[in-house]
Each structure stands twice: as structure tokens, then as C-alpha cells.
Amino acid sequence: MPLSTNPTVCVLGCGTMGRAILSGILDCLKVTTTTTSEVVDTTFAPKNFIACVSGEESGQKITKAFSDNVKVLIGNNVEGVNAADILELTSFEECETCTKPQVAKNILTEKGMAEALEKKLVVSILAGVTISQLKEWLPSSTRVIRAMPNTPCMIREGMTVLSCPMDCSTDDKSFCTWVFSTLGRVRILDEKHLDAVTGLSGSGPAFACVVLEALADGGVMMGLPREVALELAAQAIQGAARMVLKTGKHPAEIKDSVTTPAGCTIAGLLTMEDGKIRSTLARTIQEATQVASSLGNVQSKK
Ligand SMILES: NC(=O)C1=CN([C@@H]2O[C@H](COP(=O)(O)OP(=O)(O)OC[C@H]3O[C@@H](n4cnc5c(N)ncnc54)[C@H](OP(=O)(O)O)[C@@H]3O)[C@@H](O)[C@H]2O)C=CC1
Ligand SMILES: O=C(O)[C@@H]1CCC=N1
């Protein structure tokens, strides 16, 4: 079934990541209508947004962030799905009796949901939950695309990897590529890579912030005011990352260009190596990937 132009999107479980995605899309649409400096193709731009949550507090957060631009539904997922063309599946909060995917499964299999989901596109950002698991919980006419975005989508600096099964249409693919390109960079990869993607770019902003905080701590230790140290550390990391992305240079080449013989950088680098920073960071991704791969296990907690 072709995707409707300017569809209605329902974010099913609109917490941190749901709000990040909505912020990015709404910001992009605002930029498009108010400036001419950014040319954005709006063919696939959603027209209406619905956010579903389970509690009042979350509902208030969304209303505060988006006022009239997003319709908030509390404890009424079926109504949200009924009104939508596309579902952004983000609901995943841990509850007392269930593991996280169990919550998603419960939502997708609740009374009235199967009818509401007929012939719609579900975009799942659930870490560790596979396309085949989702298909088991959804009506056969519902299409599924898996996406792994990250929180910088909020400021349109995100990294999203999409995994599109064979049966998804060109329109579905184009829609998802459009949405996530407005929020940053997008790549399409085979689903077998999605756990590693989750451990690297999904969780990456948290790991990067630990490195950033530690660098700033070093500056504070040497007498810089905290605010200045944070700015310096963040801009140094951003600058280095942008050099890699813009020039395509290997990070080692950029590192070497900073490292004056007998200078201070090589002294710092050797200290980093003494602390096994490379294997620590690489093992961090290994561990996060392994945990991501187990997040889809649906089982009730005893
Ligand atoms: N945070 C991140 O950086 C990333 C997260 N993800 C994935 O995104 C998903 C969400 O993560 P995150 O946003 O951090 O989680 P949050 O806990 O911030 O958000 C979960 C949301 O789901 C809602 N929810 C819970 N139960 C229900 C229900 N029965 N019906 C409707 N809504 C419900 C919650 O509402 P309420 O509070 O009212 O219960 C909350 O708004 C996870 O699957 C995670 O793997 C993927 C990439 C990055
Ligand atoms: O921590 C998590 O499980 C999720 C997935 C990637 C980022 N946050």
C-alpha cells in the first residue's frame, strides 16, 4: 500500500528518544517554513504528530516541549495508532513485572491494536528486538522497519542506521530515510549489524560524554573554571570528529598532526596508553553490543 503524502505519525511511547525525534522533525519543519537558507524536500514531511505515553508526568513534559504541535494521548495507544499512518515504536520503559520488550509486546497485542495496525508502517527503535519478533506480534499486513537513532537527533546531529526487510516498499524506505536525514546522518545496513550499531552510535553519546567530562575534569584540576573547561573539551572533541567526517582522514593522521616531537601531546598520549584507554573504549562497545543483543529476550521477571 502506498504511503500517504504528509502522513500522521504516532510516537508510541514518547520518552527521551521519542521527544528527541519529534524535536528534530519539528525543528526541521520550522526551519523550512521560516528560512530559505536550508532547502529541505518536504515530500514526506509528516503533517500531524501524536505522542502516546502511559503517565501524566510524561504527558506534561511533551505538552511543555511541543505545545499544540503534538497531540498527547495518555493510556490510549489504540486511539493514537488508529489515527496514524505511521508508528514510531519507542515505548520501552521497564515495568515492575516485565522485561522491556514484554512491554512492547503487550502494547502491540492489546485489544483493538491489531485492527488499528492493519496496513500501517511501524518504525521500531527498540534495541535488541528483531524484525522477525516484531512481525510475530503484528498483523501480517503491517510493514516494519528497524531504526537505531541516537539522542543527538534532538539537535539534528544524530546518527541513525536503518534496516529494511525485503518486503518494505520504496516509499517506506524513502519516508524513513527522509525522517532520519532531517535529524542527522543515515545509513542503511543489514539487520545483523544492528546490535553493534546500538552499542556504538546508539549508546555512543553517553560514552563520549564520559570522555568529555573526564577531559574537562583535567582542565579543572589544572585551574580552569568548570564552564571554560567544558567548552574547551566539547569543542575539541567536536572539532576532531568533524575533521574525520569532513576530510575522511584516518584519526591517527589527525592525532599525528597534533603531536609535535618532544611536545606536550605525546606526553599526554603515552599517559593515555598507560591507562589502556584504547582497549577500555573498544571493550565498552563490545560489552554494550552484547547486552544490546540480549535486550530482545521477552520474559517475565520472576
Ligand atoms: N535513549 C536513547 O538514547 C536511545 C533509546 N533507544 C530505544 O528507544 C526506546 C525508548 O528509550 P527511551 O526513550 O530512552 O526510554 P524512556 O523511558 O525515556 O521512554 C519510554 C516511553 O514509553 C512510555 N511508555 C511506557 N509504557 C507505555 C505504555 N504501556 N503505553 C504507552 N507508552 C508507554 C513512557 O511513558 P510513561 O513515562 O508515561 O510511562 C515513556 O514515555 C528503547 O527501546 C531504547 O532501546 C534507541 C536509541 C537511543
Ligand atoms: O541504553 C539503551 O539500552 C538504549 C539503546 C541505545 C541507547 N540507549
Side-chain angles (χ1 to χ4, degrees), residues 3-4 6-33 42 44-95 98 100-101 103-113 115-117 120-127 129 134 137-138 142-156 158 160 162 172 175-176 178-180 182-184 202:
L3 211 59
S4 43
N6 305 124
T8 295
V9 170
C10 172
V11 180
L12 201 48
C14 194
T16 306
M17 205 53 225
R19 287 196 304 275
I21 291 170
L22 284 177
S23 295
I25 299 178
L26 287 166
D27 185 43
C28 167
L29 296 178
K30 194 166 71 191
V31 168
T32 318
T33 51
T42 52
F44 290 99
K47 196 168 170 204
N48 298 303
F49 298 92
I50 302 167
C52 292
V53 288
S54 70
E56 287 286 341
E57 206 181 311
S58 294
Q60 281 166 7
K61 267 192 205 166
I62 299 165
T63 309
K64 194 170 165 212
F66 306 114
S67 52
D68 292 339
N69 293 313
V70 176
K71 180 177 174 182
V72 180
L73 293 175
I74 300 168
N76 200 349
N77 297 328
V78 174
E79 186 186 328
V81 175
N82 250 324
D85 302 298
I86 291 157
L87 287 314
E88 193 84 44
L89 185 60
T90 64
S91 172
F92 216 42
E93 201 178 65
E94 188 136 13
C95 75
C98 304
K100 291 177 174 187
V103 177
K105 184 181 174 188
N106 290 347
I107 290 173
L108 292 176
T109 51
E110 80 179 89
K111 195 166 171 280
M113 191 57 96
E115 295 76 11
L117 282 163
K120 291 185 178 168
L121 169 64
V122 169
V123 182
S124 167
I125 68 160
L126 306 179
V129 179
L134 289 160
W137 307 336
L138 293 165
T142 306
R143 289 108 60 212
V144 181
I145 285 183
R146 247 184 105 182
M148 184 44 59
N150 62 10
T151 46
C153 284
M154 184 181 291
I155 56 155
R156 303 180 58 202
T160 303
L162 300 174
D172 292 343
F175 170 78
C176 285
W178 180 88
V179 167
F180 290 104
T182 66
L183 308 179

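Throughout, residue positions are numbered sequentially from 1 according to the sequence presented.
Panel note: side chain Thr182, backbone Cys28; no donor-acceptor pair is recorded below 3.5 Å.
Taking both residues in full, the closest heavy atoms of Ile74 and Glu56 are given as CD1-OE1, 3.9 Å, listed atom of the first, atom of the second, then distance. Heavy atoms only, all atoms of each residue included: Ile25 and Pro46 are closest at CG2-CD, 4.4 Å. A pairwise comparison of heavy atoms in Thr8 and Ala83 identifies CG2-O, 3.6 Å as the closest pair. Across all their heavy atoms, Met113 and Asn77 have their closest contact at CE-CB, 3.7 Å. Nearest heavy-atom pair, Ala51 versus Val70, reported as atom, atom and distance to 0.1 Å: CB-CG1, 3.7 Å. Taking each heavy atom of Leu183 and Val179 in turn, the nearest pair found is CG-O, 3.3 Å.
Contacts of Lys120 classified as salt bridge (Lys or Arg N to Asp or Glu O under 4.0 Å), with partners at least two apart in sequence or in another chain: none.
With contacts defined as side-chain heavy-atom distances shorter than 4.5 Å, the pair Thr151/Met17 qualifies. Looking at heavy atoms from C-beta onward, Ile145 lies out of side-chain contact with Phe175 at the 4.5 angstrom threshold. The closest side-chain heavy-atom distance from Val11 to Ile21 is not below 4.5 Å. Contact annotation: the side chain of Leu12 approaches that of Ile107 to within less than 4.5 Å [non-hydrogen atoms, C-beta and beyond].
With rounding to the nearest 0.5 angstrom, the CZ atom of Arg19 is 10.5 Å from the NZ atom of Lys64. If you take CG on Leu108 and CG on Leu134, they are separated by 7.0 Å, rounding to the nearest 0.5 Å. The CG atom of Asn69 sits 5.5 Å away from atom CG of Leu26, with the distance rounded to the nearest 0.5 Å. For the atom pair Cys14 SG and Phe49 CZ, the distance stands at 11.0 Å (nearest 0.5 Å). Atom OG1 of Thr160 and atom CD1 of Ile125 lie 9.0 Å apart (nearest 0.5 Å). The distance from atom CD1 of Ile62 to atom CG of Leu73, rounded to the nearest 0.5 Å, is 9.5 Å.
Annotation: Glu110, atom CD; neighbour count of heavy atoms from other residues, nucleotides and ligands within 6.0 Å is above 12.
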### Task
Quick one: do Asp27 and Lys30 satisfy side-chain contact (heavy atoms from CB on, under 4.5 Å)? Show the steps, please.
CA-CA 5 Å; Asp27 185 43; Lys30 194 166 71 191; 4.2 Å; yes
